[in-house]
Amino acid sequence: MTTLAQEPPYESHEPSGESGGGPEGYSTHDVTNQPPPLPPYDASDDAALLEGVRREGAGWAEDGLRRLGRRAGSAEAQEWGDLANRHEPVLRTHDRYGNRVDEVEYHPSWHHLMRVAVGEGMAGAAWADDRPGAHVARTAGGLVWGHTEAGHGCPTSMTYAAVPALRAQPELAKVYEPLLTSREYEPGLRRPTEKRGLLAGMGMTEKQGGSDVRTNATTATATAEPGVYTLRGHKWFTSAPMCDVFLVLAQAAGGLSCFLVPRVLPDGTRNTFRIQRLKDKLGNRSNASSEPEFDGTVAWLVGPEGQGVKTIIEMVNCTRLDCVMSSATLMRKTLVEAGHHVRHRSAFGARLVDQPLMRNVLADLALESEAATTLTLRLAGAADRAVRGDEGEAAFRRIATAVGKYWVTKRGPAFTAEALECMGGNGYVEESGMPRHYREAPLLSIWEGSGNVNALDVLRALRRSPATAHALFGELALAREADARLDAAVARLETGLGAASETGARRLVELMALTLQGSLLVRHAPPAVADAFCATRLGGDWGHAFGTLPDSADLDGVLARALPREG
């Protein structure tokens, strides 16, 4: 990735013919057949994104998205993403005098990214915005600003998700919600009510439990003050430990319960939040993930004792949506990078973008990206309408978000690997930025429940709430008789539901995801996109790798829509 201080790598800075011993006019330092830097570009230049935003009720946000897209694709913002990952967070457990401080220091670029993200409403601001489509606008902002880097999306996502959970305790929400929905980014640990804006984190996972949060061993002991407890335990994965408040699960007398844990107490003293270490992770390296230890840590009960999982379930719906969004963003970002490369690179006498097999690969990736983006925005629209009291959309959201979380995040790693391969060896070096994207891709399938957890959650939703199946098939019915391959796939899905089993859960959820994406594309995408998607993903006219679209696919039509404008 080119930084602001670098010279463009495609320019020669030696006079031709001065390298000695070579052909006349040749220099060993001439660089040819390499693309120019991608930035600046417009990260919002995506027809599927803008059409989806308008369709899902947030057309009023389009001008802001275009402005944000230009900023996300600027050389400055792209460099922030690079630097925030090259200069990883550092844990400082004690100050020079030996006092425990438990602080994490970030590179300034992290704070630049966070300031824009919070200021543009990607944290909790949507909950304070009464306009229809506010949650769609927030998701669209993530699809655009996520072109910079993914790690800082973790604290903004957790802050967004914490608000509805906190509302289970109105007296706490009254104090903290106005600050969690603020557009002011104010880092540093201080008394929460003295800050202009707050960020929230989560502490669920423990060493013995993972996704099985009911096995949490952290204990909560009630104090003499109503609603106030002290916690004792060790959390295994708590990201963004410099957030101001955390929602934490712990075992109280009445069972597993949800608690609010501030880093700084109302009297200004530090709460006990001992960060034992930071995780050395595969990706997401700009974002600190920690193991905090609680020992007499003061916490406030959120929701009734024994109903911790019920209290946080709304939070899970929000963070799962953000996993889908982040995977769709990575797909789009790496497609843009690959498309830029092949437009400027030549091999065997022609530009790569003009070679039939490369066009097949790019078009196949473009189909996957558009399907992911379109589904993401449909899920965001359902979330927005569910918040406003639409029970049908709430039922659709309940099942479709888990379906999307399973499938879109599963497609991310394979997609990113193929996009990287379009760039060959150039994509394999760190400077390109593609290895960072590739390392990031698997996280979204792991966070907020792995593939198995989400697939089984779909089965539970179907068993416990028949309205979810009704909502899903109601959505699919909107495209009935528009494409015979889609109709046949929906019929297979109906048959499969009758024989649903845990063993076959992944297969069933995959078919749900593909029929849902196919339905959306048939209704909203150009014929070239819808036909190629249905022929391959639903009709079986496809191989096992990207780049195996049939000869009948309209590659030109797909690519003309997918690749952003240049020049």
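Just so it is clear, the model here is predicted, and its values are computed rather than measured. Just so you know, these numbers use all the heavy atoms, side chains as well, and skip hydrogens, waters and symmetry mates.
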With distance as the sole test, does Ser445 use its side chain to make a donor-acceptor pair with the main-chain N or O of Pro442 at under 3.5 Å?
-> no

Please check if the side chain of Glu314 supplies one atom and the backbone of Asn317 the other of a donor-acceptor pair under 3.5 Å.
-> no

For the pair Lys333 and Asp46, find out whether any cationic side-chain nitrogen is under 4.0 Å from an anionic carboxylate oxygen.
-> no

Taking the six-membered ring of Phe396 as reference, does the NZ or CZ atom of Arg378 fall below 6.0 Å from its centre and within a 45° cone about the axis?
-> yes

Lys405 side chain to Cys323 main-chain N or O, any donor-acceptor pair under 3.5 Å?
-> no

Do the non-hydrogen side-chain atoms of Met204 and Ile312 ever get within less than 4.5 Å of each other?
-> yes

Residues forming a side-chain contact (heavy atoms from CB on, under 4.5 Å) with Pro526, sequence neighbours excluded = Glu370, Val529, Arg561

Distance only, no hydrogens: is a donor on one side chain within 3.5 Å (strictly under) of an acceptor on the other, for Trp80 and His111?
-> no

Here the gap from Asn284 atom CG to Ser289 atom OG, rounded to the nearest 0.5 Å, amounts to 6.0 Å

Look at Asp364 together with Arg537 and state whether they make a salt bridge at an N to O cut-off of under 4.0 Å.
-> yes

Does NZ or CZ of Lys279 come closer than 6.0 Å to the centre of the six-membered ring of Trp236, within 45° of the ring's axis?
-> yes

Is it true that a side-chain atom of Thr329 and a backbone atom of Met325 form a donor plus acceptor pair closer than 3.5 Å?
-> yes

Not counting sequence neighbours, which residues clear side-chain contact (heavy atoms from CB on, under 4.5 Å) with Ala140? List them please.
-> Leu49, Val53, Leu65, Leu377

Can you find a heavy atom in the side chain of Tyr160 that is under 4.5 Å from one in the side chain of Leu180?
-> no

Flag the pair Arg285 and Asp280 as a salt bridge only when some basic side-chain nitrogen lies within less than 4.0 angstrom of an acidic carboxylate oxygen.
-> yes

Say you draw a straight line from OG of Ser432 to CG of Leu420; how long is it, rounded to the nearest 0.5 Å?
-> 6.0 Å

Asp322 and Arg138, any side-chain heavy atoms less than 4.5 Å apart | yes

Is any side-chain heavy atom of Pro89 closer than 4.5 Å to a side-chain heavy atom of Ser286?
-> no

Mark yes or no for whether His340, through its side chain, and Pro36, through its backbone, hold a donor-acceptor pair below 3.5 Å.
-> yes

Interatomic distance, Leu379 atom CG to Thr401 atom OG1 [nearest 0.5 angstrom] = 4.5 Å

Residues Lys410 and Glu510 bridged, charged N to O under 4.0 Å = no

Assess whether side-chain contact (heavy atoms from CB on, under 4.5 Å) is satisfied between Ser290 and Leu91, documenting all intermediate values.
-> CA-CA 9 Å; Ser290 69; Leu91 172 62; over 6 Å; no

Just by modelled atom types, is the Leu365 backbone N or O under 3.5 Å from a matching donor or acceptor in the Ser369 side chain?
-> no

So do Asn454 and Val403 actually touch side chain to side chain, heavy atoms under 4.5 Å?
-> no

Could you tell me whether Trp110 and His87 have their ring centroids closer than 6.0 angstrom?
-> no

Ionic contact status for Glu62 with Arg54, cut-off 4.0 Å | yes

Give the C-alpha distance, both sets of side-chain angles, the deciding distance and a yes or no for ring pair (Phe, Tyr, Trp, His ring centres under 6.0 Å) between Phe259 and Phe246.
-> CA-CA 8 Å; Phe259 297 90; Phe246 292 82; over 10 Å; no

Just do the salt bridge (Lys or Arg N to Asp or Glu O under 4.0 Å) check on Glu177 and Arg167 with the steps written out, would you?
-> CA-CA 8 Å; Glu177 185 172 329; Arg167 288 176 175 176; 2.7 Å; yes

Would you give the length of the straight line joining atom SG of Cys154 to atom CH2 of Trp447, rounded to the nearest 0.5 angstrom?
-> 4.5 Å

Exam field: side chain Asp244 to backbone Leu199, donor-acceptor pair closer than 3.5 Å | yes

Quick one: does Arg439's side chain have a donor or acceptor within less than 3.5 Å of a partner on Gly283's backbone?
-> no

Note: Arg398-Glu391 ion pair, threshold 4.0 Å (strictly below) | no

Carboxylate-amine/guanidinium proximity below 4.0 Å for Arg320 and Glu448 = no

Full working for salt bridge (Lys or Arg N to Asp or Glu O under 4.0 Å) between Glu120 and Arg115 | CA-CA 8 Å; Glu120 295 288 345; Arg115 189 164 288 108; over 6 Å; no

Kindly indicate whether the side chain of Val336, heavy atoms from C-beta on, has any atom under 4.5 Å from the side chain of Pro564.
-> yes

Could you label the plane-to-plane angle of the His135 and Trp127 rings as parallel, tilted or perpendicular, counting under 30° as parallel and over 60° as perpendicular?
-> perpendicular

Look only at the side chain of Lys281 and the backbone of Asn287, and say whether a donor-acceptor pair between them is shorter than 3.5 Å.
-> yes

Please tell me if the side chains of Arg411 and Ser327 come closer than 4.5 Å, counting only heavy atoms from C-beta onward.
-> no

When you check the gap from the basic side-chain N to the acidic O, do Glu186 and Lys195 get nearer than 4.0 Å?
-> no

How far does CD of Gln169 sit from CG of Leu166, to the nearest 0.5 angstrom?
-> 8.5 Å

Should Glu440 and Arg436 count as an ion pair when the cut-off is N to O under 4.0 Å?
-> no

Whether Thr374 side chain and Ala371 backbone form a donor-acceptor pair below 3.5 Å | no

Atom OH of Tyr185 with >12 non-hydrogen neighbours under 6.0 angstrom | yes

Sequence-distant partners of Arg70, side-chain contact (heavy atoms from CB on, under 4.5 Å), two or more places apart | Asp42, Arg66, Arg67

Inter-residue atom distance Trp407.CH2 - Leu375.CG, 0.5 Å rounding | 12.0 Å

So do the side chains of Glu421 and Tyr428 get within less than 4.5 Å of each other, counting heavy atoms only?
-> no

